[in-house]
There are 2 protein chains.
Amino acid sequence: MDNLKISAAEMQAIKAQMKAKGLRITPQRFAVYANLLHRDDHPTVEAILTEINCELPIASKASVYSALTVLREVGLVREVLLDEGVTRYDARITPHHHFICQNCGAIADLDWDALGELPIHRLPPGFQLEGYEVILKGKCDRC
Amino acid sequence: MDNLKISAAEMQAIKAQMKAKGLRITPQRFAVYANLLHRDDHPTVEAILTEINCELPIASKASVYSALTVLREVGLVREVLLDEGVTRYDARITPHHHFICQNCGAIADLDWDALGELPIHRLPPGFQLEGYEVILKGKCDRC
DNA sequence: TTAAATGCAAACTATTTGCACGTAA
DNA sequence: TTACGTGCAAATAGTTTGCATTTAA
């Protein structure tokens, strides 16, 4: 059912999270969410599809899109707009920033407290701030 | 040739900028760049196309894509990844941040110095920072 | 049992490409 | 004059949709 080696306990925990959001547990949805939880490379739909179908076919592309849509709707995953033309997904929903390597394109998560509180001097009048995200660019450790 | 009312002087200035980058001046390229310089709504290709062809047809969609590609290559315009599925363009190349209204989707520029210097506590070892951009989310003045 | 999810294929949208023709320098 | 740009149409890539079939609860 799944090419990840996860304990039964963790499997239950993941399912519990999904149930708590009112989602029906299907093998496809579980595979997508579990896969996303176990990687930190902000994969595209294509990449998720390849990994979960690696050993034996489990989900179609349409189902991956569908699973991601509901998972996003209930707030278990979010999409990241860091790449041209493709949407990438992330199951890490606690606030954090992103570092993009301009050499190899790698995307690294940056803990929220790696940056201090953002000093906002002046927001245009009438604007209400609800959140922010910083995108850092440069060279990663491997480049 | 163009539905914008710009002075001959400004026209020359724009052409000079393009020539300085080694670009051949064609009506299509000029229209695209001049249009982009005169708006601040980070338009999509579709929006640019509509505006420059508003009075009389001047450019095809392929030419707008082509113009944007060269303009981007020489650094006169940049793309902004703030929207799902579409690439938006910006002729404002000096560093600035973006505010996205989560209600109406409007994208507003935020001057660089509206925010203070970003306090970077700890960057992972081996990472070299070259620049950053902040994306703020909330409600704009009209919502 | 049954409302909801899946899979497939077709539709759609954004973008790219190939090539004959036109034009800026 | 000629290398380069344009326009059109066809190709590609990412994503969405319609519908018959299957399945989780």
Side-chain angles (χ1 to χ4, degrees), chain A residues 1-2 11-12 14-35 42-50 52-53 56-74 76-89, chain B residues 1-2 11-12 14-35 42-50 52-53 56-74 76-89:
Chain A
M1 171 188 188
D2 190 3
M11 227 170 102
Q12 285 316 313
I14 296 176
K15 287 185 180 175
Q17 279 203 78
M18 296 171 73
K19 271 199 191 114
K21 296 289 187 178
L23 296 187
R24 227 155 123 167
I25 317 286
T26 67
Q28 292 77 5
R29 281 182 188 174
F30 179 82
V32 168
Y33 187 43
N35 180 260
H42 311 79
T44 61
V45 167
E46 206 57 47
I48 297 169
L49 192 65
T50 303
I52 66 180
N53 285 343
L56 74 163
I58 171 170
S60 72
K61 192 179 281 198
S63 299
V64 173
Y65 273 108
S66 154
L68 287 168
T69 300
V70 276
L71 286 165
R72 176 154 49 89
E73 278 168 3
V74 301
L76 287 181
V77 313
R78 65 171 182 179
E79 69 225 320
V80 289
L81 300 176
L82 300 172
D83 210 350
E84 279 177 73
V86 248
T87 306
R88 293 177 168 275
Y89 292 86
Chain B
M1 172 190 187
D2 191 1
M11 227 171 101
Q12 285 317 311
I14 296 176
K15 288 186 179 175
Q17 279 202 79
M18 296 172 73
K19 271 198 190 113
K21 296 288 185 176
L23 295 187
R24 222 152 131 173
I25 316 284
T26 67
Q28 291 79 1
R29 282 181 186 174
F30 179 83
V32 168
Y33 187 42
N35 181 261
H42 312 77
T44 61
V45 165
E46 206 57 48
I48 297 169
L49 192 65
T50 302
I52 66 179
N53 285 342
L56 73 162
I58 170 171
S60 71
K61 191 179 282 197
S63 298
V64 173
Y65 273 107
S66 153
L68 287 168
T69 300
V70 277
L71 287 165
R72 176 154 49 89
E73 279 168 1
V74 301
L76 287 180
V77 313
R78 66 170 180 178
E79 68 227 320
V80 288
L81 300 177
L82 300 172
D83 209 349
E84 278 178 71
V86 248
T87 305
R88 295 178 167 274
Y89 292 86

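Below, chains carry the letters A, B, ... as their sequence lines are ordered, and counting in each starts from 1.
- Rounding to whole angstrom units, CZ of residue Phe30(B) and P of dG5(D) are separated by 17 Å.
- Residue-to-nucleotide proximity on DNA chain C shows that, of Arg88(B) and Ser63(A), the 5′-proximal contact is made by Ser63(A).
- Ile14(A) and Phe30(A) make their closest contact through CG2-CE1, 3.7 Å (heavy atoms, listed as atom of the first residue, atom of the second, distance).
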- Candidate pair Lys19(A) and Ile25(A), rule side chain to side chain contact (heavy atoms under 4.5 Å, CB included), full reasoning: CA-CA 7 Å; Lys19(A) 271 199 191 114; Ile25(A) 317 286; 4.0 Å; yes

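- In this entry the distance linking CG of Leu49(B) with P of dT13(C) reads 15 Å, nearest Å.
- Whole-Å rounding puts the Asn53(A) CG to dG7(C) C1' distance at 12 Å.
- Nearest to the side chain of Thr87(A), among dT15(D), dA14(C), dG7(C), sits dT15(D).
- Here Ser66(A) reaches the OP1 or OP2 of dT6(C): one of its side-chain N or O atoms lies under 4.0 Å away.
- Between Ile52(A) and Val64(A) there is a side-chain heavy-atom pair separated by less than 4.5 Å.
- Side-chain contact between Leu68(A) and Thr87(A) is absent, with no heavy-atom pair separated by less than 4.5 Å.
- In this structure, CZ of Arg29(A) is placed 15 Å from P of dT23(D), rounded to the nearest angstrom.
- Computed from coordinates, the Leu68(B) CG to dT6(D) P distance equals 11 Å when rounded to whole Å.
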- Mark up nucleotides 16-25 of chain C, 5' to 3', with B wherever a protein heavy atom is under 4.0 angstrom from a base atom, S wherever such an atom reaches only the sugar-phosphate, and - elsewhere. BB-----BBS

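- Within the 4.5 Å cutoff, side-chain heavy atoms of Glu73(A) are placed close to those of Val70(A).
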- Task: Go through the steps to decide whether Arg24(A) and Met18(A) satisfy the test side chain to side chain contact (heavy atoms under 4.5 Å, CB included), and finish with yes or no.
- Result: CA-CA 8 Å; Arg24(A) 227 155 123 167; Met18(A) 296 171 73; over 6 Å; no

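- In this structure, Gln28(B) reaches the dG7(D) phosphate: one of its side-chain N or O atoms is under 4.0 Å from OP1 or OP2.
- Residue Ala67(A) is classed as having no contact, given no heavy-atom separation below 4.0 Å to the nucleic acid.
- Distance CG (Leu71(A)) to C1' (dA4(C)): 15 Å, rounded to an integer number of Å.
- If you take CG of Asp83(A) and P of dT15(D), they are 10 Å apart, rounded to a whole angstrom.
- Nucleotide dG7(D) holds its C1' atom 14 Å from the CD1 atom of Ile58(B), rounded to whole Å.
- Nearest heavy-atom pair, Ala59(B) versus Leu49(B), reported as atom, atom and distance to 0.1 Å: O-CD1, 3.6 Å.
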